[in-house]
Amino acid sequence: MVLRFPQILLLTRLVAIPVGAVGGVLLLFGFLSVFEFHDHLELSFLEPGLAFSLLAMILSVPLLRYRSALKQRMAPLFALLAWVMVGLCAAIPITLVTGVSFSQAVFESFSALTTTGATVLSGLDDMSPTFLMYRQFLQWLGGLGVVVFVVAILPHLDAGGMKLLKAEVPGPSKDEKLISRTRKTAHALWGIYLLITIFCAIAYHLVGLSWFDAIAHSFSTVSTGGFSTHDASLGFYRSEWVYLVSDLFMLLGAINFALHFAFYRERRLRLFWENEETRTFLIIVLVLSLLVFLVLPHAQSFTVELKALNHAFFILISFITSTGFGAENFTQWPNAALFLLLIGSYLGGCAGSTAGGSKILRIVILFKLVRREIRRLVHPRGVFAVRYQGRPVQDSIVRNTLAFFFFMLLMNVILVGLMMIDGLDLWTAITAVTACINVLGPAFGTLANNFQPLDAFGLDVLTFAMVLGRLEYLTLLVLFIPQYWRR
C-alpha cells in the first residue's frame, strides 16, 4: 500500500483526535486536582493537557476540508497509530508525578490503556488521589478501545467507521453489527459499558469500599484491567464480599457486549446460557476454579475451606478474564495451581468483550476443527462441517483461527527468548510474557511483586507485547509484511 497525499492528510487528522482526547482527559484531572482532591498536582496534568489539545487543533483544524474515505487497508495502521499516540501522551503525567523513567512511564501507560494491569510502581497506598484515579480511568478508557471511542464521537466517520471498529474490536466475530449504523453501535457499546460500571461502583460501596475506592475499582473491574489503589490489590480489604462483587463484574466484562445489548433489549437472562461461547466460558470457569481449589492445601475447618473456595474462584476469574486482581499470598500457591491460572489466562474471555487471551470462541472453533479431522480419519468419505450456534463456520474464520494460534505460539516463543536474553530465568520470562501478551498483569518469579526490576529493553519488549496482545496479533503483524505497503 502506497500512502497518497490525501490519505496521509486523513491519517494526520484522525491521529489528532486521540491526541486531543488525551489532552481533554489531562485537563479534566488537572481540574479535579484543584477543585476535588486538593493534592497540588494540577500543573502535572494541565500543562501537558493544554499542549496536547493545542497540538490536536494545529494538526486537525487546517485539514478539516479533507474528507476522503478511510481505506480498509489503512484501518490497522490507524489502530496502531492511535494506540501509540495515546500511550505516549498519557505517559507524560506519570513520569511528572512519580519521577520514574520515560520507559517505565510508557510501560505503565500502555499497561493501563491495554487493560493489562502490570505495574512498575509501588507505594500506591501513599500516592495522591488524582494520580491514582487517573491510572484507573485510563484502564476504563482503554476497556472498549480508543478507536471505538473515536468512532463514537465522530459522526463524519460513518463511511469508514466500521473498518475501524473491525480493526479494534477483539475476536473473530467482529463483522456482526449490533445495530445498523456504526456510530450508534459504538454509542450502544459505551452506554452499556457505563451502565455496568455504575452498578459495579454501587455494589463495591455497599460491601464497604469508600466512594473513591469503589469508583476507582469499578473502572478497573469492568474494563478487566486490574489496577488498584493499593499495593495489595483487592486483598487489601480482606473481605469475601468484595471478592464476590468483583467476580460478578469481571465476568460481565468478559462476556460479549453484543449479548449485554441483546439482554438490554429482550430482558431474557437465558440469552447468556443459550450462547455457545458464553456457556462454554462459564463451564470452563467453574471447572478450572474447582481444580484450583482441589490442588490448594486443605484445612479441617469448614469456614477455612469455604474461604479457600472463594479465593480459588476469585483468582481464577481474575486470570481467565485477564483482570489480574490479587488476593492474599496467591503467588505462594502450589505450582499446579499457578499452572492452571496460566492456562486460564491463555483461554481468555469471550469475543467482543474487554477481556484478553485467545477468546473462548476461538477455542470452541479449534476443538470442533480437531474433532472434525478425527471424524474424517474414521469416515474418510464423510462430509463434516464445523458448526457454531448450529450454523456452519465460514472457512475464512477457520483460517483466521488457525493463523491466530500459529502467530500466538510464534510470538510467545520469540518474546520469551528476548526476555531470557535480557536476563530473566525461564519461569519468570514465561509468566512475564503471559502477563503482557494476554493483557493479564501479574507475573510470577522475580517479577511477582511488580515489573520494576526490568531494564528499559525488557520494558520496551513487554510494552510491544501488550499492544500485540491487545490488537490480537494479526492487526499489528500485517504492518510488517512488505506486501501491505505495496500499491
Side-chain angles (χ1 to χ4, degrees), residues 115 140-155 157-204 218-219 221-225 245-285 317 321 323 348-356 359-362 364-365 387-394 397:
T115 69
W140 189 80
L141 188 64
L144 280 186
V146 176
V147 180
V148 176
F149 176 72
V150 169
V151 175
I153 63 173
L154 283 182
L157 271 185
D158 276 345
M162 184 54 71
K163 298 166 188 174
L164 298 183
L165 195 63
K166 288 164 64 177
E168 166 61 19
V169 175
S173 60
K174 43 180 95 163
D175 286 328
E176 298 179 5
K177 298 182 181 180
L178 305 185
I179 349 177
S180 57
R181 291 173 62 86
T182 304
R183 187 175 39 148
K184 290 183 179 179
T185 300
H187 281 194
L189 288 172
W190 276 102
I192 294 167
Y193 190 54
L194 177 61
L195 191 63
I196 295 175
T197 304
I198 292 171
F199 285 141
C200 182
I202 294 172
Y204 272 136
S218 71
F219 286 157
T221 302
V222 178
S223 68
T224 62
V245 168
S246 181
D247 289 345
L248 172 62
F249 286 96
M250 285 190 291
L251 289 174
L252 289 177
I255 290 175
N256 195 325
F257 273 71
L259 279 179
H260 293 317
F261 180 76
F263 172 74
Y264 173 77
R265 289 191 304 179
E266 301 183 26
R267 302 293 197 276
R268 284 199 310 119
L269 201 58
R270 283 188 60 85
L271 283 172
F272 295 100
W273 190 253
E274 290 170 356
N275 181 267
E276 187 173 354
E277 182 187 26
T278 305
R279 184 170 64 250
T280 304
F281 172 61
L282 295 176
I283 292 172
I284 290 174
V285 168
I317 292 172
T321 62
T323 308
C350 300
S353 72
T354 61
K359 302 297 187 297
I360 298 301
L361 178 53
R362 289 194 179 98
V364 171
I365 292 174
R387 292 181 175 273
Y388 174 76
Q389 290 287 99
R391 294 180 294 178
V393 177
Q394 298 176 7
I397 293 180

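Just so you know, these numbers come straight off a predicted model, no measurement behind them.
Y388 approaches E276 most closely through the heavy-atom pair CD1-OE1, 3.5 Å. Taking each heavy atom of N256 and C350 in turn, the nearest pair found is N-CB, 3.7 Å. For Q389 against E274, the heavy-atom pair with the smallest separation is OE1-O, 3.3 Å.
Of the possible donor and acceptor atoms, one in the side chain of T354 sits under 3.5 Å from a partner among the backbone N and O of G253. A distance-only check finds a donor-acceptor pair linking the side chain of E277 to the backbone of L361 [under 3.5 Å].
Atom-to-atom distance recorded for L195:CG and L252:CG is 10.5 Å, nearest 0.5 angstrom. Distance CH2/W140 to CG/L194: 5.0 Å, rounded to 0.5 Å. Taken from CZ in R265 to CG in L271, the straight-line distance is 9.5 Å, to the nearest 0.5 Å. Rounded to the nearest 0.5 Å, atoms CD1 (I360) and CZ (R362) are 11.0 Å apart. In this structure, S353 OG and H260 NE2 are separated by 8.0 Å, a value rounded to the nearest 0.5 Å. Rounding to the nearest 0.5 angstrom, the gap separating the CD1 atom in I192 from the CZ atom in F257 is 7.5 Å.
At a threshold of 4.5 Å between non-hydrogen side-chain atoms, the residues I317 and V285 count as touching. Using a 4.5 Å heavy-atom threshold, the side chains of Y193 and S223 count as touching. Residues L251 and F272 fail the side-chain proximity criterion, which asks for heavy atoms closer than 4.5 Å. Side-chain contact between F281 and V364 is absent, with no heavy atoms from C-beta onward closer than 4.5 Å.
Scored by the side chain to side chain donor-acceptor pair (under 3.5 Å) test, T115 finds no partners at all (sequence neighbours excluded). Annotation: ring pair (Phe, Tyr, Trp, His ring centres under 6.0 Å) contacts of Y204 (sequence neighbours excluded): none. Applying the side chain to side chain donor-acceptor pair (under 3.5 Å) criterion to N275, with sequence neighbours excluded, gives T278.
Counted within 6.0 Å of CD on Q394, heavy atoms from surrounding residues, nucleotides or ligands total 12 or fewer; the atom is thus considered open. Within 6.0 Å of atom CZ in F263, more than 12 heavy atoms from other residues, nucleotides or ligands are found, so the atom counts as buried in its surroundings.
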